[in-house]
Amino acid sequence: MSDAAAPRLVVEGLSRRFGATVALDGVGLDLRAGEIHALLGANGSGKSTLIKVLAGVEQADAGRVVLGARAMPAAELTPAVAHEHHLRFLHQQDSTFGPLSVAENLAAGTGYPRRAGGAIDWRRLRAETAGTLERFGIDAGPDDRLERLRPVTQQMVAIARLLQSQDDRQHGILVLDEPTAALARPEVRVLHEALRRYAASGQAILYVTHRLDELSGFADRATVLREGRVAGRLDGDEIEHDRLVELISGPLGVAGAPATRVAAARGGDVRLRVEGLRGGAVRNASLAVRAGEIVGVAGLVGSGRSSLLEMLFGTRRPEAGAIALDGEPLAWRGGRPHDAAAYVPEDRVRGAAFMPLTVTENIMAASTTRHWRGLRLRRGEEARFTRALMREQGITAAGERVAFRTLSGGNQQKAILARWLMREPAVLLLDEPTQGVDIGARAAIHDMVRAAVARGAIALVATSDAEEMAMLCDRAVLLVRGVTSGEVAGDELTAETLERLSYAQTTVEAGTRG
Amino acid sequence: MASAPIDDAVDERRRRRVSLSGRLNDRVEALALLGLAVLVALFFTLLPATGDTFPTVANFQALSGSQAVLAVATLAVLVPLICDEFDLSVGANLGLAGILSASAMSSGAPLVLGIAIAIGSGMLVGAINGVLVTRAHVNAVVVTLGVATIIHGVVQAKTSGNSITEGIPVGLLDLGSGTWLGVPRILLAALLAAGFLYYVLAHTPYGRRLYMLGANREAAKLVGLRTDRMLFSTFVIGGGLAGLAGILQVGRAGSAVPSIGEAFTLPAFAAAFLSAAAIQPGRFNVWGAIVAISFLTIINGGLNLAGAENYIADFVNGTALIIGVGLAVWLRRRRRAVPRRAADGPGAPVAEPT
């Protein structure tokens, strides 16, 4: 890396609020030609918002951006302006076309070469593609179907598509959002070598990742965000695991204090026992939940948290292992949920809400026969029941027969939880139960969970919000790449320890595998 | 729970204000199409060209009798449509049921058996559709279009294109053309079917679940509904209703005409989609469908009496289909998409005073 190089991108005082939430608060960043700059931070630290502002997808409230020779208010960044200044983004969601050939995928970025008359000139396309593949050092042929290639090669084709049209690579800025999330370790190395080559030829690369272990010896500099602010900047050799973890999770003792624990839970009988469970992203999970316990499932994105809950609920088939509730095995029922279980999925809109239907219909969704008597659905009775329940659980709406979509996110989530709680489930499975809801609703949802547990349920809560974990759960089980890898309980259960551990564990894991 | 009493009171006031204007809005929306139908009827009553013929008992009997079969065919379309699935084979299915039952009855089978054959064959075709959609995972549009084409071939092979006119039981002809207290019997039969389907959709857990399935299939699965089984059942019920429409058509026409069914598919879809714009705006519903058919019938009947060419009805039905789909999409997207009647009976207070 060349310290003398002029910054290609400078961001100053960038701020962005969403209602009461401050996503970015005066963030500054500079990116030089030929460097690989890592952007780090926990979930919700503002990384994604920063990238979206750079891409022109989100508008900044304040701040300035200098792109090459041009300085402008950050709010003026649009996708067109970003593109014009050679900013290129590889987002987490895949933007390639699996069933199409490599040549077709690359042409999707630039357009197809045409013959006179407008027909595609396939021969020229093939030749051009071969050239591009060689230039980017990609081990594939123009006619290969993309989905048949190794994941890392697919990823490199996606990057090549972004960069191929740069006439002069001296001006390029490449932003990669978690490019290694789906890659195995040897493949990460292949990608890194390629990125180093691109940087050496003058590309500026902003590299977002959760995998701290892959950074030393790879990134030239690192910027760490915490709660929307820059928590620290590291250079070259300073980029090492422990420093990063400290910057990401903050100084000791700041994170949310653990809630008062249910002391009685310690000696309770084991109600839910999971042994050697495998399926989806889960490779080997074993855990036990005692009566009266709220157990957290911690782990990074892709660690298998959702798969685990789905298997416990009965909607994902375990490939191996055993699940038993109160000593009775929970057998696969062809994808139908177990009667004793309740599940609030991570994606409320896709997996739980019936938006055009009424609040009543949503709340009664898992109990449609509750008011079915004498060959009639007692709808008046059902409405009264719903109104009482809404009052009791603090669900605010313009009535019980308005469309569910008119409710705020927090009220929707409370309603979905209430839907299950009225059935008095033995096992509550919550996946990111307070994602995207405000603080008041979050507290209310936590109260609902605690109340249900006090009435005799047990709860498993998967959350990437370490503070929530510390506030709500009695102990936490750690999932690392699909394997239950230890647990944290009692006074150790703080947001700080959890973040430290989930990052630390990836390193241990990486060490044994790499 | 956590909020203070004062907040509750404010909340309550706001809730009531919203609900008052909302209720008015809903009521207007729910009855708009019906009002429009009345206006159109008034127009043809006052129009000199139709003033003498339109507002007569004879015209009412002719129009309502002629549309009763369409009403039942619309119900057949409605059931899978609630779950977001299309059954394009309803028309062909209706025709097949007519042919099969008429040919059985002309060979001496009693009326009861004829009815059973019609409804049974309709349900069988529905079951085939349902299996292909839920087991083979073929898109329902493709499945039902394919099945409709095959049925067309079967009917041609069986009839060689000739109508069955002999041996239709008198009882069926009476049902098709007779009246009861001035009301065509066939209309009463259609309304009976509509009433029963209304009960099933609005007053049973099964109906509630169908709407859940249509609103969010993934979420329906996650609350434990057997979604495939339910989808299958909608095709079977729709098929049975198509069969019923088939035998009513035989009674109405006095004969079974091959390929007559296909003409019903498009108007049935038009009415089914328009149903989401009436009575229970935002959701496909039985009485909305009946209102929609009345609306279309009044327009087409009036224009007919005014001397318009027959093809004008095609323009009306085609336009209605497009507008109906557009309205259905729009109403579903709107913020307040659900009517006051959706959750419980009329008259219940929206919010109880605290």
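None of these values were measured; they are calculated from a predicted model. Just so we're on the same page: letters track the sequence lines, and every chain starts at 1.
- Using a 4.0 Å cut-off between charged side-chain N and carboxylate O, A:D339 and A:R333 make a salt bridge.
- Only the side chain of A:R336 has a heavy atom closer than 4.5 Å to any heavy atom of chain B.
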Chi angles and distances behind the salt bridge (Lys or Arg N to Asp or Glu O under 4.0 Å) call for A:E361, A:R401: CA-CA 8 Å; A:E361 285 165 322; A:R401 58 196 132 172; over 6 Å; no

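- In terms of heavy-atom pairs under 4.5 angstrom with chain A, the leader among B:K221, B:E218, B:M212 is B:M212.
- With sequence neighbours excluded, the residues forming a side chain to side chain donor-acceptor pair (under 3.5 Å) with A:E147 are A:R145, listed by chain and number.
- Looking at A:A353, the atoms closer than 4.5 Å to chain B (heavy atoms on both sides) all sit in the backbone: N, CA, C or O.
- Within residues 362-371 of chain A, the residues approaching chain B closer than 4.5 Å by heavy atoms are, in numerical order, A:M364, A:A365, A:A366, A:T368, A:T369.
- Every residue two or more places apart in sequence or in another chain was checked for a salt bridge (charged side-chain N to carboxylate O under 4.0 Å, His left out) with A:E468, and none qualifies.
- The two atoms that bring B:T134 and B:F232 nearest to each other are CG2-N, 3.9 Å, heavy atoms only.
- For A:R423, the CZ atom is densely surrounded, since the number of other residues' heavy atoms within 6.0 Å is greater than 12.
- Ring orientation note: the planes of B:H203 and B:Y199 are close to parallel, at an angle under 30° on the 30°/60° scale.
- Only the backbone of A:V349 has a heavy atom closer than 4.5 Å to any heavy atom of chain B.
- Take B:R217 and apply the salt bridge (charged side-chain N to carboxylate O under 4.0 Å, His left out) test, not counting sequence neighbours, and it matches B:E85.
- The most heavy-atom pairs under 4.5 Å with chain B, out of A:L375, A:D347, A:T315, come from A:L375.
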